[in-house]
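Just so it is clear: chains get the letters A, B, ... in the order the sequence lines come, proteins before strands, and each one is counted from 1.
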Amino acid sequence: MCRIRDYRDQAAFAQLFAYFAPRVKGFLIKSGAPDGLAEDCTQEVMATLWQKAHLFDSSRASVATWVFTIARNRKIDLLRKDRRPAPEDLAWGHKAEPDQADVIGLQQESLRVTAALKALPDKQRILVERAYYGDLSHSEIAAETGLPLGTIKSRIRLALERLRHEMK
Amino acid sequence: MVKHHLPDEYLMAYSAGILSESFSLVVAAHVSLSDDSRARMEAYDAVGGAVLDSAPVANLSDGSLQATLDRIMGAPAGPSADEPIGQGAFPAPLQEYVGGDLDAVKWRSVGMGVKQAILKKDGSTSVRLLYIPKGMAMPDHSHGGLEMTLVLQGAYRDDDGEFHRGDIEVANDETQHTPVAFGPEDCICLTATDARLKFTSILPRLAQPFLQI
């Protein structure tokens, strides 16, 4: 992802595409999109990934997380024909590079979240997945997912503090 | 310094993309002002990343990669200039709805110095800006549903404490509160509701159709 962001590397993009595009399409189909729309939407999501690469902050999100946020936003535009106001972007890419230790730490935490999701008891895992596939209403969401999110929250919080410091 | 942050379940609902537009606007504005809520929201985005990573793999159309590259090459090149951030009284997502900052709001008076501007109404769900002069009380009311209030300027206090710029309060069926604006500035809030408020005194009840809340 950083090779795409910093060098506009097409080979790196092809690699990322091969891994994520089928998953994005699978995610959209499970969210209720017909095949044709899901394909079109997937191509747009992957194109957006390239175009918005300068906003990717590897000390706050894994590539999977970044791809998810783009896919979710397109899904709401296309399937619900609704708007989803987004928080203010925090400018990235023009200031200091993120600390490598922060980046590695965040990537490890993201892998832990993915592993923890797979390890959840079926009933709980399905509930979390249904929320993200848009199958639950907000009143059905429980704050307690059973996922260990404490560490990743503090890591992101720290990265935000550093970023705020850089922005001053 | 933001003291009242948004409870996790709403950040998760927002991250999953299942909050309606009106509530999403209040959450987006709050997250713009609270790094604590932003960090928790991004942690829930990471859960979304994990769900995507575990999603069933679908077959792509032939030439999908090439079609995507064509889209990229066909689009206007390069990132657009940085938008100014952290400017003005309103966070960027709110400015999009208002069409500018505080001075662009089209207020409508609802009496006794209180003003409002409805930004979006969709069935029983709506989001509005409320302007309450300092020292004034919001009419005593209870809720038939969910109400989310973000302070943008000034402050108010109710049974749950004091709320300043960036603070958010969530009220539901059981809550009955009488927020009072206080401090040196008039209070401006962004409020989303998913049911009409039920006022408990007769006078505001008469004004209710006019307030449209």
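- Interface residue A/Thr69: only side-chain heavy atoms are found under 4.5 Å from chain B.
- For the pair A/Arg72 (side chain) and B/Ser15 (backbone), a donor-acceptor distance under 3.5 Å is present.
- Ion pair A/Arg155/B/Glu42 not flagged as a salt bridge, since none of the NZ, NE, NH1 or NH2 atoms sits closer than 4.0 Å to an Asp/Glu carboxylate oxygen.
- At a 4.5 Å heavy-atom cutoff, A/Glu161 makes no contact with chain B through either its backbone or its side chain.
- Proximity to chain B (any heavy atom under 4.5 Å) is shown, for A/Val24, by both the backbone and the side chain.
- The contact between A/Lys118 and chain B is made entirely by side chain atoms (from C-beta outward), counting heavy-atom distances below 4.5 Å.
- Remark: side-chain polar atoms of B/Glu21 are not paired, donor with acceptor, to backbone N or O of A/Arg84 under 3.5 angstrom.
- There is no contact between A/Ala61 and chain B, counting heavy-atom distances below 4.5 Å.
- Contacts of residues 129-136 of chain A with chain B at a heavy-atom distance below 4.5 Å involve A/Glu129, A/Ala131, A/Tyr132, A/Tyr133, A/Gly134, A/Leu136, listed in sequence order.
- Under 4.0 Å is where a charged nitrogen must lie from a carboxylate oxygen, and between B/Asp45 and A/Arg60 no such pair does.
- For A/Lys30 (side chain) and B/Pro56 (main-chain N/O), no donor-acceptor pair under 3.5 Å exists by modelled atom type.
- Of the atoms belonging to A/Leu147, it is side-chain heavy atoms, and not backbone ones, that fall under 4.5 Å from chain B.
- A side-chain donor-acceptor contact under 3.5 Å links A/Glu88 to the backbone of B/Ala92.
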